[in-house]
Amino acid sequence: MRQRGRARFGQWVNRRIPPAREITLNQRRIFIFPSRVGFFFGLCLLVMLMVAINFENNLSYALTFLLATLFLVATLHTYANLSGLTIRALRAQPTFAGQQSEFHIMVERSKQRDHYGLHIKWPQSTESLANLTEDDRVNIQLHMLVTNRGWFNPGRLLIESTYPLGLLRTWSWIDLDLHALVYPRPLASLELPGLATDTPDGAAAMVSGNDDFFGFRNYQKGDSLRQVHWKGLAKGQGMQTKQYTAYADRSVWLDWDLFAGLGTEQRLSQLCYWVLAFDSQKEEYGLRLPGLVIEPALGEKHRDRVLKALALFGKEDRPL
Amino acid sequence: MNIQQQVPRNALVWIFICLFALVAPHAARLPVWVLVVYVIAFVWRLQVHRGRWSFPGSWVKVAMTFSASLGIYLSYGTLIGLEPTVALLLTAFALKLIELSQRKDAYVLLFLGYFICVTEFLFSQDILITLLSVVNVTLVTTALVALHQPGEHQFNRGTIKLASTMLLQAVPLMLVVFFVFPRFGPLWTVPIKSHTAKTGMSDHMKPGDVASLSQSGDVAFRVKFEGEIPPKSELYWRGLVFSRLRQDVWSGLGFYEVPLSERRPSEVSTSGNPLSYSIIMEPTQQNWLYGLHYARSNSPGVMQSSDFRLFSPGPLESENMYSVNSWLSASADESLSDWRRKAETKLPPLGNLKTRELARELRSGVSSDEEFVDAILARFNVEPYVYTLRPGALSGDNQIDQFLFQSQRGFCEHFASAFVFMMRSAGVPARVVAGYQGGEINPVNKTVIVHQFDAHAWAEVWIEGKGWVRVDPTGAVSPDRIEWGLEEAMQAEGSFLAAAPLSALRFRNVPLLNMLRLRYDAITYRWQSWVVGFDRERQFDLLQRFFGGVSTQIFATILLGSWVLVLVPVAISLFRKKDTHPVSRWDKQYLIFCGRMAKLGLVRAPGETPGQFAQRAVAALPVYAKELEQITRQYNAIAYTKVDGSGGSMGEALGRFTRAVNRFKPARRRGVIDETVSS
């Protein structure tokens, strides 16, 4: 029942304030109600009225009524503090699941007045407090913990204020249509499994060569004995094979199938880790996911493309 | 601490101002230590703000609260009653300031501030107090606004401007609610003021009482006559009737001392048109009211006693307005009951034998009571009696003997008392009446202002066939007192308001000051009759006159109608589209600069950048090259890079720029400029 009510309410808000990248607050979008302080003030007024009645004191009446009317007039002034504000979605910093995503929005003032004490936040985000007095617009960064990969929608942005008297709270929930891309949480793994020379069927991810030492891995049948790390064996570290990468063909394939036996999210997390590892070592790498192949390359753009592919694997991309 | 819960520095400054502004009107009523608490609270909180001291711990707070309550109890002897309660509130206000750290503390503090403004009115509804309260309410509201301007650390004039604007917008609607809101009686009995600060007459009279009252220039009441104002010598404002003498103290008969059958005033036949007037009395904490003989009132809450006084059932805690009809020539108590005759001739069994002797002697020499009165008055007139505010103290027994035969110096109460004593010694019913005599006529609004120094005591004698007749023995000694008032009568002695050297009344001979005083008094009268004296009756009249009746529908219509009438214009003024882009502070300064240049004939062309304009200006006025370049450089730095070239904050840069513009006043050296422009 409660959930249905909430869903209904969501629909109603959606109709009233449809998502948009830029929203100017007007009477359709601003809500106002006495704040808790306002109710306390009302209680104080009641006590003052009692004093006026019991002492039959006309000026006490007058002051009580003045403050009560001030309350009424304050509704307009409180409302005006939000009215005419334009909120614009700037961008959302892509991030990894389990980290804080950074959202950038801009608040621009109306031409009519100064705006004070604007509290801006998403339900789960950090809160930002802004005044618009000297400047016409202000950029705001909000941080929010994201847990799941894919496009993250922070929900409706709450912008509220109690200026000027604190007796009333005025607010608006706006959907800025701002989505953050969330990459899988990178999961470190000691080694890249199934390392083999490039095979046509794509079983191996890494091309091994003789030029550049890369690392160790457990000896597997068929490894060249020249590459066995004998010194380590002598120290009792077990049979390990030295891995080399070839200068001639340094491209590495990060393949979905390398992590057979793991769950989807775990595979993606480990792939993500290796993407970052290769990227920081300036090694070319490519990605093979079921139904998607990204040719090996290097650079920021490539990395973002690969990470985005990981983030959205099995999920719907959102139309831009 | 969450930033939104902090109290901005700006708000703290306003709260400090509120602290002292709120206590100021109460200060005179408070024990001195409460004011010391205020100073301590201020210093403490200031030091906390500066990081020198810390907030009090919870034990310290408990100790402070407890000792404050104890202090109030010790100072007032009780915690119940209006004064101790208000003192407690005010102390709580100061203590709350010490622990003010978060916004929610500030709300409590400021709402308490509003409440303190309300309590001030319970003591006085004077115009000046009202004006002071308006200022205080504005200050509290300003602090409330400043509380919601986070990060504003500069003093901001806009804060008080917004607070005043909102209050002004609230005033029209407040007035409507004030006049329309139904007035009903008290819901329960409330703590009343302690009767320590009584002014005016007291319920008994001993020699010296009235004379000390005459040292006060306070207003006792104001009277507005519907027709002509009678001559001053007729204005005997009866307040108290003293029928009993006991140990040289005259006092009235208590309500229950009068037998049931005598409590109702006897019928008085009235003829002719009465004198109609209304009186607004200042609060006295007593319950008697004043009126001219013979007075009747239709105002609610005004009652008449068997000795034809007017009184109110409860003490007058605040200004009280009532209207009276008086028939000056009506005779009261044409026949006297036995009980009353006995009560009004009763004397102590012993004492003042010489006076009794004298009375009997004088009575036996005349044939009627009226002649007897004349004989005594003649004696007062012929013998060397002196009417004086400094009669010297009488002591011991036989005070009337001492006065009549030895000192022969006295104020009105001495003469009235001696006169009534002599009357009663001869068996003539007589009593002392206390009240006020005369008054000052305010030419501005034709009201009679009766001051405390108009306090007077005279006598009433019962004469067969005439009833109670007023006799004023003072008039026989000092006719000036009755004709002109106390000031004239005391001119030679110089004792008029000797204890109040700064009273405005002492400057009545300075025409300008006197005019101001009377004008202010006229405003006070209007204030009291319209605002302070507004009650159910007046409300009914008002609604009847404007809306033809009183009903729930009419109340609702008026309220809703006025909401719309007030809120719509406010909304329009708030949301009206302003086409012009608001001019920033630096643009404003630059425009001032351009204005000054325009006066010299150098008008900035549309689209011309400040740099281009400066080049052109320097070419025309090479004398000012340095200033022109400096101003332009500073403007560009602020407006385009929003940072100052020399480092430092935006505010500082703006300040420097403003000063540079202000210093630049080329028009003063016109000669130089004319030359350069024309060349």
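Here is how names work: the chains are called A, B, and so on, in the same order as the sequence lines, proteins then strands, and each is numbered from 1.
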**Q** Side-chain contact, heavy-atom cut-off 4.5 Å: B:Gln169 with A:Leu76?
**A**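 With C-beta onward as the side chain, the pair stays apart.
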**Q** Would you name the heavy atoms of B:Gln125 and A:Leu59 that are closest together and state the gap between them?
**A** OE1-N, 3.1 Å
**Q** Any heavy-atom pair between the side chains of B:His148 and A:Asn81 that's under 4.5 Å?
**A**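 Sidechains of B:His148 and A:Asn81: no contact.
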**Q** Supply the atom-to-atom distance B:Arg536 CZ to A:Glu56 CD, rounded to the nearest 0.5 angstrom.
**A** 7.5 Å
**Q** Which answer fits B:Trp530, side chain, backbone, both or neither, if we ask what part of it has an atom under 4.5 Å from a heavy atom of chain A?
**A**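 Looking at B:Trp530, nothing touches chain A.
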**Q** Side chain to side chain contact (heavy atoms under 4.5 Å, CB included), that's the test. Do A:Thr64 and B:Phe181 meet it? Break it down for me.
**A** CA-CA 12 Å; A:Thr64 308; B:Phe181 187 84; over 6 Å; no
**Q** Counting heavy-atom pairs under 4.5 Å with chain B, which one of A:Ala130, A:Ala62, A:Ala74 comes out on top?
**A** A:Ala62
**Q** If we define contacts as heavy-atom pairs under 4.5 Å, which of A:Leu72, A:Thr69, A:Thr75 has the most with chain B?
**A**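 Of the candidates given, the most pairs with chain B belong to A:Thr69.
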**Q** Would you say the side chain of B:Val145 lies within less than 4.5 Å of the side chain of A:Tyr163, judging by non-hydrogen atoms?
**A**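 When only atoms from C-beta onward are counted, B:Val145 and A:Tyr163 do touch, with a gap below 4.5 Å.
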**Q** For B:Leu144 and A:Leu165, which heavy atoms make the closest approach, and how far apart are they?
**A**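 Minimum heavy-atom contact is CG-O, 3.6 Å.
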**Q** Do the side chains of B:Phe178 and A:Asn58 get nearer than 4.5 Å, heavy atoms only?
**A**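 With C-beta onward as the side chain, the pair touches.
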**Q** Describe, in one word, how the ring planes of B:Phe111 and A:Phe41 are oriented to each other, choosing from parallel (under 30°), tilted (30 to 60°) and perpendicular (over 60°).
**A** tilted
**Q** Kindly give the heavy-atom pair with the smallest separation between A:Leu63 and B:Tyr114, and that separation in Å.
**A** CD2-O, 4.1 Å
**Q** Looking at A:Glu22, I want to see if its CD is surrounded by more than 12 non-hydrogen atoms of other residues, nucleotides or ligands under 6.0 Å.
**A**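 Yes, the 6.0 Å shell around CD holds more than 12 heavy atoms from other groups.
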**Q** Sub-3.5 Å donor-acceptor pair from the side chain of A:Asn131 to the main-chain atoms of B:Gln149, do we have one?
**A** no
**Q** For A:Trp171, does the CH2 atom have more than 12 heavy-atom neighbours from other residues, nucleotides or ligands under 6.0 Å away?
**A** yes
**Q** Hey, which of A:Leu45, A:Val73, A:Val47, A:Leu167 has the most heavy atom pairs under 4.5 Å with chain B?
**A**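 Ranked by heavy-atom pairs under 4.5 Å with chain B, first place is A:Val73.
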**Q** With a 4.5 angstrom heavy-atom cut-off, is it the side chain or the backbone of A:Leu49 that approaches chain B, or both, or neither?
**A**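 It is the side chain, since no backbone atom gets that close.
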**Q** Between B:Val118 and chain A, which part of the residue has a heavy atom less than 4.5 Å away: side chain, backbone, both or neither?
**A** both
**Q** Side chain from CB out, backbone as N, CA, C, O: work out which of these in B:Ser133 comes under 4.5 Å of a heavy atom of chain A, or both, or neither.
**A**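 Nothing of B:Ser133, per the 4.5 Å heavy-atom cut-off to chain A.
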**Q** What is the distance from atom CZ of B:Phe179 to atom CZ of A:Phe65, rounded to the nearest 0.5 Å?
**A** 11.5 Å
**Q** Supply the atom-to-atom distance A:Leu67 CG to B:Leu167 CG, rounded to the nearest 0.5 angstrom.
**A** 8.0 Å
**Q** Looking at chain B, which one of A:Ala68, A:Ala80, A:Cys44 has the largest number of heavy-atom pairs inside 4.5 Å, strictly under?
**A**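 The answer is A:Ala80.
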**Q** Could you pull out the closest heavy-atom pair between A:Leu66 and B:Met174, with the gap in Å?
**A**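 The pair with the smallest heavy-atom distance is N-CG, 3.3 Å.
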**Q** Can you tell which part of A:Thr162 gets under 4.5 Å to a heavy atom of chain B, answering side chain, backbone, both or neither?
**A** both
**Q** Please evaluate residues A:Val37 and B:Arg103 with respect to the criterion side chain to side chain contact (heavy atoms under 4.5 Å, CB included), reporting the C-alpha separation (whole Å), side-chain torsions for both, the decisive distance (0.1 Å), and the verdict.
**A** CA-CA 10 Å; A:Val37 176; B:Arg103 206 150 86 172; over 6 Å; no
**Q** Below 4.5 Å from any heavy atom of chain A, which atoms of B:Leu173 appear? Answer side chain, backbone, both or neither.
**A** both
